[in-house]
Amino acid sequence: MMYFMKNRHIRDNIAFLIVSFCFFNVDPALAVEEKPTYETRNFIEPLSLSRGTFFATDQYAGYFDHADSCTVLVEEMAWNRSECDYIENVILSPVPGVNSVIIDKPNSEGHVELEDWDSPHLKDSIDEIWSSMEDAVKDQSKRLNQKIEAVKWVTYPTLDKENSILYYAILLNWDGNEVVNIKASLFDRKGYVAFRIIPEDSTASGSSLAHLVTDVTRLYAPKKIETYASFTAGDKVAAGGALGVLATLVGVKYGKAAGLGVMAIILAFLKKAWILLLGPIVFLKKFFSRKNKE
């Protein structure tokens with residue numbers, strides 16, 4: 001059974017203060033507003049994605065098609081419509097403990113080799129990435145005039161080679177609110193698919209969040225010819241390894257040229273790309289709850 005979920009107005013929800021810089025000031029008395037509704041679809045069959053499918057069997061699970069996923073992010077999170085090109089779908093309550101998931105469009109920069117994760121200097125590299133992310137957070141905090149702080153890894157960056165998954169969870173202090181940001185990448189033949197996972201309980205332990213990553217990513221099935229193991233000689237290989245993917249997921253660029261190591265450079269495809277990496281995953285939770293489903 002399909003059902004509809006109505007959003008709350010932007011001025012009535014504190015979540016929108018985080019992205020208020022994206023809006024023009026409009027006199028409410030002059031504004032004629034139509035509150036959009038979003039059609040939530042049930043998982044009757046696997047949801048077809050660019051390089052695989054996603055299928056959830058939980059009784060509360062649902063999803064928005066791409067058009068409604070875009071509308072949610074535009075209306076509620078102040079994205080520009082052009083930014084919808086970077087995501088596939090918004091998934092609701094796919095498994096117990098997960099509020100919602102944003103599935104990104106696949107990265108196609110090439111097959112990611114994972115050998116760098118075996119380096120004896122792995123911890124130093126991850127520490128560099130964290131330090132660079134802190135710098136990026138401070139810069140973004142100044143840009144938004146909001147207090148944003150990266151507090152700690154709740155789930156330390158982990159590479160599950162058996163299942164070709166890289167994941168982590170970060171605790172953020174966003175203008176006085178502590179929130180957890182979970183990101184996971186499922187590697188495949190051409191690159192990887194990123195998942196932004198919003199837990200129901202932001203106080204859950206790191207091990208519990210790791211289990212949520214496993215629960216969510218197992219619902220995704222890459223096409224047989226697109227699995228990580230389907231790589232063959234001659235396929236494109238990514239310039240960076242697993243560490244490069246980790247850096248990209250947290251919002252900084254990773255480079256080895258001239259011994260530079262990690263560079264604290266906010267991703268360049270959009271001026272507010274960093275907000276797309278962290279902001280929406282924090283605040284989508286305010287709109288969807290298993291307890292409120294009809």
Side-chain angles (χ1 to χ4, degrees), residues 1-3 5 38-73 79 83-112 114 158-167 182-200 209-232 235-236 238 242 245 248-249 276-277 280-281 284 288 290 293:
M1 175 180 177
M2 295 184 179
Y3 55 93
M5 304 178 71
Y38 315 119
E39 182 178 353
T40 308
R41 301 168 183 266
N42 291 336
F43 280 97
I44 300 174
E45 59 184 5
L47 172 63
S48 180
L49 302 170
S50 297
R51 293 211 293 259
T53 60
F54 190 94
F55 187 58
T57 58
D58 188 89
Q59 63 175 325
Y60 294 109
Y63 68 92
F64 294 129
D65 64 16
H66 183 265
D68 277 348
S69 294
C70 180
T71 299
V72 166
L73 295 173
W79 286 33
E83 294 159 4
C84 295
D85 293 340
Y86 297 99
I87 64 106
E88 297 249 46
N89 293 83
V90 172
I91 310 295
L92 307 179
S93 300
V95 296
V98 172
N99 178 274
S100 45
V101 177
I102 302 175
I103 303 178
D104 287 0
K105 285 284 182 67
N107 175 285
S108 300
E109 294 183 0
H111 186 80
V112 179
L114 309 178
T158 301
L159 176 62
D160 177 355
K161 288 188 177 182
E162 182 178 354
N163 294 302
S164 306
I165 302 169
L166 171 66
Y167 62 90
I182 307 173
K183 292 290 288 288
S185 64
L186 182 62
F187 297 107
D188 62 15
R189 181 176 181 176
K190 296 179 180 178
Y192 60 89
V193 177
F195 299 79
R196 316 178 196 202
I197 302 170
I198 307 170
E200 289 284 359
L209 297 178
H211 285 302
L212 292 182
V213 170
T214 301
D215 290 344
V216 168
T217 54
R218 69 177 173 79
L219 302 179
Y220 177 84
K223 296 176 183 178
K224 290 184 178 180
I225 61 171
E226 300 291 359
T227 65
Y228 188 76
S230 298
F231 174 81
T232 59
D235 285 351
K236 181 180 178 181
V245 174
T248 299
L249 292 178
L276 301 190
L277 289 170
I281 194 171
L284 263 180
F288 312 118
R290 295 168 72 90
K293 294 203 171 191

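Nearest heavy-atom pair, T53 versus S48, reported as atom, atom and distance to 0.1 Å: CG2-CA, 4.3 Å. The shortest non-hydrogen separation linking L159 to A242 is CD2-CB, 4.4 Å. Pairing each heavy atom of G62 with each of T40, the nearest pair is CA-CG2, 4.2 Å. Listed here is the closest heavy atom pair of A238 and V112: CB-CG2, 4.1 Å. Among all heavy-atom pairs drawn from S230 and D235, the shortest one is O-OD2, 4.2 Å. In terms of heavy-atom proximity, T227 sits nearest to P222 at CG2-CG, 3.9 Å.
Side chains of D188 and R51 form a contact here, defined as non-hydrogen atoms less than 4.5 Å apart. The side-chain heavy atoms of P96 and E200, taken from C-beta on, include no pair separated by under 4.5 Å. Counting heavy atoms from C-beta outward, T217 and N163 have side chains that stay 4.5 Å or more apart. Counting heavy atoms from C-beta outward, Y167 and I182 have side chains that stay 4.5 Å or more apart. Under the 4.5 Å side-chain criterion, counting only non-hydrogen atoms from C-beta, K105 is not in contact with Y86. Between K236 and K190, the closest side-chain pair of non-hydrogen atoms is not below 4.5 Å. Side-chain contact between F43 and I91 is present, with at least one heavy-atom pair separated by less than 4.5 Å. At a threshold of 4.5 Å between non-hydrogen side-chain atoms, the residues D215 and V98 do not count as touching.
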- Query: What's the verdict on side chain to side chain contact (heavy atoms under 4.5 Å, CB included) for V193 and L49, showing C-alpha distance, side-chain angles and the deciding distance?
  - Reply: CA-CA 10 Å; V193 177; L49 302 170; over 6 Å; no
- Does the side chain to side chain contact (heavy atoms under 4.5 Å, CB included) test come out yes or no for L92 and F64, once each step is laid out? CA-CA 8 Å; L92 307 179; F64 294 129; 3.9 Å; yes
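Aromatic ring pairs are classed by plane angle as parallel below 30°, tilted from 30° to 60° and perpendicular above 60°; the pair F54 and F195 is tilted. The aromatic rings of H111 and F231 lie parallel to each other, their planes meeting at an angle below 30°, with 60° marking the opposite boundary.
Atom OG1 of T214 is separated from atom CD1 of I165 by 6.0 Å, given to the nearest 0.5 angstrom. With rounding to the nearest 0.5 Å, the separation of CG in L212 from CG in N99 is 11.5 Å. I87 contributes atom CD1, which lies 9.5 Å from atom CD1 of I103 (distance to the nearest 0.5 angstrom). Q59 CD to N42 CG: the interatomic distance, rounded to the nearest 0.5 Å, is 11.0 Å. With values rounded to the nearest 0.5 angstrom, L114 atom CG is found 5.5 Å from F187 atom CZ.
With sequence neighbours left out, the side-chain hydrogen bond (donor to acceptor under 3.5 Å, both in side chains) criterion links E109 to no other residue. Here K223 pairs with nothing under the salt bridge (charged side-chain N to carboxylate O under 4.0 Å, His left out) rule; sequence neighbours left out.
Judged by distance alone, the side chain of E88 and the main-chain N or O of S50 form a donor-acceptor pair under 3.5 Å. Within the 3.5 Å criterion, the main-chain N or O of E39 finds a donor-acceptor partner in the side chain of D68. Panel note: side chain D58, backbone P94; no donor-acceptor pair is recorded below 3.5 Å.
For R196 and D104, the salt-bridge test passes: some basic side-chain N is under 4.0 Å from an acidic carboxylate O.
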